[in-house]
Novice: 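One structure coming up, written as structure tokens, with questions to follow.
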Protein chains: 4
Amino acid sequence: MTDVEIELTSEITVRLIQHMGSDQMIAAAAKVSTSPEEARALETVESSEGLYGLIRYLAKLRHTSPFEHSAITFYVEAPIFVFREWHRHRIASYSEMSGRYTELLPKFWVPRASRNLIPVPGYKAARPIFGPAPSALRAEVQESLGDSYAHAWETYQSLLAQNIAKEVARACLPVAVFSKMWVTANLHSWLHFLSLRVHDPNAQFVSYPQAEIEQAAVQVEAVLTSLFPLALRAFNETGRSF
Amino acid sequence: MTDVEIELTSEITVRLIQHMGSDQMIAAAAKVSTSPEEARALETVESSEGLYGLIRYLAKLRHTSPFEHSAITFYVEAPIFVFREWHRHRIASYSEMSGRYTELLPKFWVPRASRNLIPVPGYKAARPIFGPAPSALRAEVQESLGDSYAHAWETYQSLLAQNIAKEVARACLPVAVFSKMWVTANLHSWLHFLSLRVHDPNAQFVSYPQAEIEQAAVQVEAVLTSLFPLALRAFNETGRSF
Amino acid sequence: MTDVEIELTSEITVRLIQHMGSDQMIAAAAKVSTSPEEARALETVESSEGLYGLIRYLAKLRHTSPFEHSAITFYVEAPIFVFREWHRHRIASYSEMSGRYTELLPKFWVPRASRNLIPVPGYKAARPIFGPAPSALRAEVQESLGDSYAHAWETYQSLLAQNIAKEVARACLPVAVFSKMWVTANLHSWLHFLSLRVHDPNAQFVSYPQAEIEQAAVQVEAVLTSLFPLALRAFNETGRSF
Amino acid sequence: MTDVEIELTSEITVRLIQHMGSDQMIAAAAKVSTSPEEARALETVESSEGLYGLIRYLAKLRHTSPFEHSAITFYVEAPIFVFREWHRHRIASYSEMSGRYTELLPKFWVPRASRNLIPVPGYKAARPIFGPAPSALRAEVQESLGDSYAHAWETYQSLLAQNIAKEVARACLPVAVFSKMWVTANLHSWLHFLSLRVHDPNAQFVSYPQAEIEQAAVQVEAVLTSLFPLALRAFNETGRSF
């Protein structure tokens, strides 16, 4: 329909910016409650097995405050419809690219090949579940979306070319357009995020997140697992409920 | 370009759903701190003038907790780009129409006639200010946006007709599409919202909100003024900073 | 030891001040997400059985935002050691009697007759459990505490009589002295409070609150049950985890 | 009155445990909104003067989210009446020594020599201000408080000796008894804390904190000034209002 150059992608980027804390710090924070003297001697925190026992105990009894002294900042690139869900998590801090202050980028989301697209039996209004689409239909979806994005981008560019306010011109851009943000939260809050945004049939509360925010959440979980291996193990072994 | 029927509007709807509290309750909550016995006798709360003096004193000294025992719920209809800014206010509760669970409506925002569109001197990246556009240009903006929305809506409908997941089909819809929500916050939080989302050159901190969220905020302020006249007067007379 | 008149009591007072919302409003808020048109017609909300089904579904799937549009304010009189635990619940608003601004009252907590006092097998550092004390010991505890309080009160009064700042004089008062507050939270937050502050061996996460905050929480629960009978039923039937 | 060994002190301890972020990170977070490409190149952040200009601009316009990606944890030792005020700051995480789980320590607060004790003209119920006490009176206050604490401690010890639950025995301990905690908050939240807990006659909103929480807040401010010198300079130069 148009020769505007836009980028179509299914990739969602999650990259660690910075973090504070560790499994040891979770344990040390917990000891402030029960053995304040010990808490000060972080270096004496016991063997990895004793450490895990303590962290698991905290998770099991929902003594969640020790998990709140660790903080993690991620850089995220994702379509706006993912950020819309993400920003509903209120115990977090967000700095996002502004469509008022800067020109958005011609980068748009399309479903990845493995993405289920068709409602299947068991689907309910507030718990949509899907199965695969035939590959011809998949291709058609990609093409329809791509055409629609290109048309919107052309309108955006033509409005900007006429010196129209960015904040008005962007009104035509789809929720599939990519945005960028920094998001910081403490570990308690991140674990709550994972409990809602990663589907796990064995979780105490089984959640049904949209595939694209789950695609981001899985990356968050991988980073957290490398930074806080015992906390994430305890999270998993106590039902992923935080 | 197309004969799809879509609605274009500049109206943003804010309607009171429910509220709890009053100017008297703010005063009564404050008296819990200083004269607990009095606080229990709400009916004895003094003359309107004495009441205003107390509320103004609270606002001036930033004794904000008494304002938190009042709560107000609004029903809002606005384009998604307005909700995107709104949801960054974290001390509030949101229930929003879901593009995953239900089909969105063919209703899209266009700038109202009085909307300034063109950057003017004084404009800065993080403080955009605008002047009026010639009426021919205004008409052209409306038409470009309308065409773009219609094209996107057509794509959305055709994907839904092929039984594609709503949550995927909606990816092409623009941030100008209308959504609906309930939003509840306490009065402290609403006053903070007004301090950032209504431009007042006399405020202690002058803010530069986008015109459309201000259009909603002005309606919020009108309702709050009728429900809590003394609190809103104190808010204004102490610099609109909460 | 002294003839100062002080009041010793085991009563903890919880009284409803105001509330906003109902089971119907929870359902109406939920319908904003899935059937926005219906949500506006609150009066059409279906039979009590259909209503309960919806609320239970929300609780089970942790769709908690509809519970946040209801708010409840309580007046509470309790010893400071209870308020210390209470104020750790951060999703709530507090206005408390101030020991800086006003003179505290000669009212102090003593354990009620049914209060278990002696550690029993199964006791752990972070999960203390107790059994009954012999009645002679119980009487002795009451007397020791009463003497200690009377001594502290006498010091407080003598410092005030010398015109010493209230905020300094109160330093000697025990954490058993009574205070008063208003506390407001939304229903989601109150249910979370109950999940941690009422012990229920059948809960998904069994908590071990101190008896005195539980004594208050049980009263909160009774009021909420009368105001939101279906929400509280759903809370109980889905494991009391919010 | 008694030969129990207790410690009386006027010292309040604030010690940095850990932190995340820097002035550079504040600037980088801000650039996510306006120049996302630049934000990724942290190392290119400009000269200290340009950096300060940006941070001051953020503070002045109340673009506070960039300050939220930095987090700081402190270890604090202070009397309970200080913690009572501190815990009312809800955008923070606390892990405190528990009087339920562990035995409290015989360490109690007394006013330091420079502490004003006597109400002076200008004093109002919700804005108490004080002048110095004669040294004889000061000595008497210290002695009265010390006697009272010793009596309470004796009662506490005798109840523990009879195997009474720690959570019951501690009821007699005064709010002057020391406790310990870890507290973590982001920089935005810490600056808000300072705006309320440090008295500055030149601040936009002049606050009247109790001297002892100010004694802690001043130490917090000194640490933050060394970690985030430009942010604290901007905080001061824009009226200490966050």
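Each chain gets a letter, A, B and so on, in the order the sequences are listed, and its residues count up from 1.
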Novice: Would a distance-only check, ignoring hydrogens and angles, find a side-chain to backbone donor-acceptor pair under 3.5 Å from A/S10 to A/V110?
Specialist: yes
Novice: Hey, would you say the A/F228 and A/F67 ring centroids sit under 6.0 Å apart?
Specialist: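 Distance test on ring centres: not under 6.0 Å, no.
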Novice: Chain B heavy atoms under 4.5 Å from A/Y94: which part of the residue, side chain, backbone, both or neither?
Specialist: both
Novice: Would you say that B/L117 contacts B/F130 through its side chain, given a criterion of any heavy-atom pair below 4.5 Å between the two side chains?
Specialist: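 They are not in contact (no side-chain heavy atoms under 4.5 Å apart), so the answer is no.
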Novice: Measure A/Y123 against the heavy atoms of chain B and call it side chain, backbone, both or neither at under 4.5 Å.
Specialist: side chain
Novice: For the residue pair B/H89 and B/F193, is the inter-centroid distance of their aromatic rings smaller than 6.0 Å?
Specialist: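 B/H89 vs B/F193: aromatic centres under 6.0 Å.
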Novice: Would you call A/P79 and A/F108 a side-chain contact if the rule is heavy atoms closer than 4.5 Å?
Specialist: no
Novice: Check each atom of A/R170 against the heavy atoms of chain B and say whether the ones under 4.5 Å are side chain, backbone, both or neither.
Specialist: both
Novice: What option among B/E85, B/R88, B/R127 has the most heavy-atom pairs under 4.5 Å with chain A?
Specialist: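 That would be B/R88.
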Novice: Taking the six-membered ring for Trp, is the centroid-to-centroid distance between B/F81 and B/W109 below 6.0 Å?
Specialist: yes
Novice: Quick one: of B/C172, B/A171, B/A176, B/A165, who has the most non-hydrogen atom pairs under 4.5 Å with chain A?
Specialist: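 Of the candidates given, the most pairs with chain A belong to B/A171.
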Novice: When heavy-atom pairs shorter than 4.5 Å are enumerated against chain B, which of A/I91, A/V141, A/V168 gives the highest number?
Specialist: A/V168
Novice: Which answer fits A/S144, side chain, backbone, both or neither, if we ask what part of it has an atom under 4.5 Å from a heavy atom of chain B?
Specialist: both
Novice: Can you tell which part of A/L137 gets under 4.5 Å to a heavy atom of chain B, answering side chain, backbone, both or neither?
Specialist: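 For A/L137, the side chain is the part near chain B, not the backbone.
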Novice: Side-chain contact test, heavy atoms from C-beta onward, threshold under 4.5 Å: evaluate it for A/I17 versus A/I72 and give yes or no.
Specialist: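 No, side chains not in contact.
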Novice: So for A/L159, is it side chain, backbone, both, or neither that comes closer than 4.5 Å to the heavy atoms of chain B?
Specialist: side chain
